[in-house]
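The structure under discussion appears below in the form of structure tokens.
In what follows, chains carry the letters A, B, and so on, assigned in the order in which the sequence lines appear, proteins first and then strands, with residues in each chain numbered from 1. Predicted model only: the values in this text are computed from it and were never measured. Note that these values count all heavy atoms, side chains included, but never hydrogens, waters or copies made by symmetry.
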Amino acid sequence: MKRTKIKDLLNSTDFGGEVTVKGWVKTFRNNQFIAINDGSSINNIQAVVDFTSTDESLLKRVTTGAAISITGQLVESLGKGQRVEIKVKDLSIIGDSDAEKFPLQPKKHSLEFLREIAHLRFRTNTFNAVFKIRHALAFAVHKFFNDKGFLYLHTPIITASDAEGAGEMFRVSTIDPNNIPRNDDGSVNYKEDFFGKATNLTVSGQLEGELAAMAFSDIYTFGPTFRAENSNTTRHLAEFWMIEPEMAFYELQDNMDLAEELLKYLVKYAIDNCSDELEFLNSRLLEEEKQKPQNERSEFDLLAKLKFCLDNDFERITYTEAIEILKASKPNQKKQFKYLVEEWGTDLQSEHERFLVEKHFKKPVILTDYPAAIKSFYMRLNEDGKTVRAMDILFPGIGEIIGGSQREERLDHLEARMKNLHIPIEDMSWYLDTRRYGSVPHSGFGLGFERLVLFVTGMTNIRDVIPFPRTPKNADF
RNA sequence: UCCUAAGUAGCUCAGCUGGUUAGAGCAUCUGACUGUUAAUCAGAGGGUCCCUGGUUCGAGCCCAGGCUUGGGAGCCA
């Protein structure tokens, strides 16, 4: 008999008909009630088995985690707590699960423990919800850009350019570490390596994206990105996914407008398409909040927080304005900041960003026009000669979720800047060609996909929103 | 990388001032019960107290080094 997905059965009113479900046992209560889940819904379907007429040795194999197939009649539930259930006619075990060894129990587990069994955590409600939302958001990214006529560009994972300055890179090499080819001066002879030169995993697809934007006008990338930084935080991964649109003829304002529209679109898409999952995560968070002392509880629940983000314009201020606000702020006056804000030109610490977003404006903030000295070489210099057209979007609880800029389209300015920073211009000739032949103002940004998923799901550790997290000292599974 | 807290049963944790045979709840197993919702009741099994070394008559507990994890910082998306 053809299998029906549990999601469809839970919505069905076709009582009396015979159905088959296949899935994994979540709980088996009272020797009668099997809660089965097949991943199609965060909710289980209950199958009621008549233990008096069922082989006892078969029932013993209905253990948490076992895969089973059930055929029976779909009926209105006789008990409370669920609308429909299946009256079992035929029960068979597809795959046994040794209850003494299966690590997931029908109880609450800590996220830290589940991280150690990341290969099995998909089977929990929480991760079912998180990864469904992750999927929905990924789909929504493509839908958003496709509907706007953007071209999805696949940029290389392996690159030879080391001019990004975006962070430490992972080396890609086939050189035998026990037998390294050397030049006469003792340095590694990369001519012997696979690509004939030193190569790395990409830290960003931006530079390649700019090349394509000079032909297609509007492009985006969405792929894995790698940083070999020794960062041990709740919002950094060594391998993460990034969305990087790049638009010709966009100035900084257009760039900000697109970024804000994208973020709101994605949040709305999740609200509209993942209501069960968000509802579950919301109640899960509410329960965790109850464990906290009153003064540490957040004022908004997850759903309210998401709606608030949709209903309010992001606050847009310049770096210079931010510095003025911070200088005059209470924590700065009372010397409560660990790093006091005194001079124009220093980078903002995360305590400052958090103050602006969570205390002062109480909503997402777009910071623009940073000092050139603390930003990348490719950002467009303003007329004042000291700030660049950069923008960072800061989210409550997450910090920087987007970083972007209008790009420096003037060849002479760009070359001067690169010389200053000792970036080898000869190696970057391919990039500078965009400025040599039909250069136009253009802009783009990078959205950290996992940080977006963090925000939408309300999870607090980035390792819990990517299936198999790669972090320092951790590359399991 | 720095600061900080932690590591005890499958999981979550307790373990007094260093003192006999290391405990609880849940899970698991056995039995009872049979419309349950983290079912209930009775019983049983289950330990490299993170690792290495040291102090001591005696270390889960004290000291040193290491490993791992949580939280914070830096770097950033």
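Summarising the base pairing, rG53(B) is matched to rC63(B) through a Watson-Crick or G-U wobble pair whose two defining distances lie under 3.5 Å. Nucleotide rU40(B) forms a Watson-Crick or G-U wobble pair with rA32(B), both donor-acceptor distances falling under 3.5 Å. rC16(B) makes up no base pair with any nucleotide shown, lacking Watson-Crick or G-U wobble contacts both under 3.5 Å.
Straight-line distance from the CZ atom of Phe222(A) to the C1' atom of rA77(B): 13 Å, rounded to whole Å. Rounded to whole Å, the distance from CD1 on Ile117(A) to C1' on rA27(B) is 13 Å. Distance CZ (Phe28(A)) to C1' (rA27(B)): 17 Å, rounded to an integer number of Å. The nearest whole Å value for the distance from the CD1 atom in Ile374(A) to the C1' atom in rC76(B) is 13 Å.
Contact annotation: Arg354(A) reaches the phosphate of rA73(B) (side-chain N/O to OP1 or OP2, under 4.0 Å). Residue Gln349(A) places no side-chain N or O under 4.0 Å from the OP1 or OP2 atom of rA73(B). Side-chain nitrogen and oxygen atoms of Thr233(A) include none within less than 4.0 Å of the OP1 or OP2 phosphate oxygen of rA73(B).
Taking the charged nitrogens against the carboxylate oxygens, Lys264(A) and Asp313(A) do have a contact shorter than 4.0 Å, which makes a salt bridge.
Judged by distance alone, with hydrogens and angles left aside, Ser231(A) brings a side-chain donor or acceptor within reach of the base of rC75(B), the pair sitting under 3.5 Å. No hydrogens or angles were tested; on distance alone, nothing pairs the side chain of Glu100(A) with the base of rG10(B) as donor and acceptor under 3.5 Å. Applying the 3.5 Å distance criterion, the base of rC76(B) shares a donor-acceptor pair with the side chain of His236(A).
Taking the six-membered ring where the residue is Trp, His154(A) and Tyr152(A) present perpendicular rings, their angle passing 60° and hence far from 30°. Below 30°, between 30° and 60°, or above 60°: for Phe355(A) and Phe337(A) the angle between ring planes is above 60°, a perpendicular geometry.
Here Tyr250(A) and His442(A) keep their ring centres 6.0 angstrom or further from each other.
Using atom P as the reference point in both rC63(B) and rU40(B), the two lie 42 Å apart (nearest Å).
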Base-contact (B) and sugar-phosphate-only (S) positions in nucleotides 32-38 of chain B, heavy-atom cut-off under 4.0 Å, - elsewhere: --BBBB-
